[in-house]
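Throughout, residue positions are numbered sequentially from 1 according to the sequence presented.
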Amino acid sequence: MLESLEWLENSSMAIAVRQSLWAYPALEVIHILGIVLMVGAAFMFDLRLLGFSRKLHVGVLARHILPWSQRGLFLLIIPSGFLLFITNAQSLGTDTTFWLKMGLLLLGGMNVLIFHRFFFSEISEFETGNPFPLRVKVSATISLIVWTAVIAYGRWLAY
């Protein structure tokens, strides 16, 4: 694994990002914008599941904001995160904080998959104002906690 990390860190792309005056800061901005899109949309949706903004139909809200969350993840966070990682792959690859963040990302992704596979279809047609089952609220709470922790661990990586 160390050889792979060394190869990544010595790749022409990683070197180009490290040597550029603007590439790394630009990637950080892109990464943060992606986090805003993904986590912001997820938080709004989770808060709705926890009973806030009961006048909003959950299916309509999901169709409106969840695609933005996906765009933030797949178009901004993953590409910029990978490029940020490869610039310092050897150090990050052995950093406990980095691996805790990756574990939390996995947990958050599993929570999203479980929610959409098992719970979303039963609530997407709820009329406004209806309370959701406990399992839905637990999933929303896990989401809020995990994405907050992912952001915190990401910031701790800088120190």
Side-chain angles (χ1 to χ4, degrees), residues 8 13 17 22-89 91-159:
L8 278 173
M13 183 64 73
V17 170
W22 296 103
Y24 196 90
L27 287 169
E28 286 184 322
V29 169
I30 291 167
H31 199 68
I32 291 168
L33 288 173
I35 291 167
V36 168
L37 281 175
M38 188 196 98
V39 177
F43 267 45
M44 293 297 98
F45 188 71
D46 291 335
L47 290 172
R48 172 62 187 96
L49 296 177
L50 290 173
F52 294 90
S53 302
R54 290 178 188 248
K55 292 181 181 180
L56 295 174
H57 187 283
V58 73
V60 172
L61 181 65
R63 284 189 297 278
H64 179 69
I65 66 172
L66 293 183
W68 288 103
S69 188
Q70 294 168 350
R71 290 176 189 126
L73 175 64
F74 292 113
L75 298 178
L76 300 175
I77 295 173
I78 291 174
S80 63
F82 177 75
L83 291 171
L84 291 168
F85 171 76
I86 65 171
T87 64
N88 199 18
S91 178
L92 289 173
T94 59
D95 188 322
T96 304
T97 302
F98 174 77
W99 288 109
L100 286 170
K101 178 184 174 184
M102 292 300 108
L104 286 165
L105 284 169
L106 182 62
L107 178 62
M110 289 172 40
N111 186 53
V112 168
L113 289 174
I114 290 167
F115 174 81
H116 283 280
R117 173 85 165 105
F118 298 106
F119 307 149
F120 184 71
S121 62
E122 74 180 83
I123 64 153
S124 64
E125 297 307 318
F126 267 43
E127 294 300 319
T128 58
N130 287 339
F132 296 112
L134 179 62
R135 63 187 170 276
V136 170
K137 292 181 178 186
V138 168
S139 181
T141 302
I142 289 170
S143 176
L144 290 169
I145 292 168
V146 167
W147 296 126
T148 299
V150 166
I151 292 168
Y153 275 99
R155 290 305 311 140
W156 285 329
L157 282 172
Y159 299 103

Parallel, tilted or perpendicular: ring planes of Phe120 versus His116, cut at 30 and 60 degrees: tilted

Checking Leu92, Val17, Leu27 against Thr87 for side chain to side chain contact (heavy atoms under 4.5 Å, CB included), the one that qualifies is Val17

Taking every non-hydrogen atom, the tightest pair across Ala41 and Ser69: CB-CB, 3.8 Å

Interatomic distance, NZ@Lys101 vs CD1@Ile151, rounded to 0.5 Å, equals 9.0 Å

dist Leu73:CG -> Ile35:CD1 (nearest 0.5 Å) comes out at 10.5 Å

Sub-4.5 Å side-chain heavy-atom contact between Leu76 and His31: no

Exam field: side chain Arg54 to backbone Gly51, donor-acceptor pair closer than 3.5 Å: yes

Which atoms form the tightest heavy-atom contact between Pro133 and Ile123, and what is the distance? CD-CG2, 4.2 Å

Between Leu144 and Leu47, is there a side-chain heavy-atom distance shorter than 4.5 Å? yes

With rounding to the nearest 0.5 Å, note down the distance linking CG in Leu157 to CG in Leu100. 9.5 Å

Do Trp147 and Asn111 have side-chain heavy atoms sitting under 4.5 Å apart? no

For the residue pair Leu49 and Ala140, what are the closest heavy atoms and their distance? CB-CB, 3.9 Å

When rounded to the nearest 0.5 angstrom, what is the spacing between CG in Leu75 and CD1 in Ile30? 11.5 Å

Roughly how far, to the nearest 0.5 Å, is CD1 of Ile77 from CE of Met38? 5.0 Å

Interatomic distance, Leu134 atom CG to Ser139 atom OG [nearest 0.5 angstrom]: 11.0 Å

If you draw a 6.0 Å radius around CE in Met102, do more than 12 non-hydrogen atoms from other residues or ligands fall strictly inside? yes

Could you check Phe82 against Leu8 for side chain to side chain contact (heavy atoms under 4.5 Å, CB included), going step by step and ending with a plain yes or no? CA-CA 10 Å; Phe82 177 75; Leu8 278 173; 4.0 Å; yes

Beyond-backbone contact of Phe132 with Leu50, side-chain heavy atoms, under 4.5 angstrom: no

Do the side chains of Met13 and Leu83 get nearer than 4.5 Å, heavy atoms only? yes

At their closest point, which heavy atom of His64 faces which heavy atom of Trp68, and how far apart are they? O-CD1, 3.2 Å

Do Val60 and Leu56 make a side-chain contact, defined as non-hydrogen atoms from C-beta onward lying under 4.5 Å apart? no

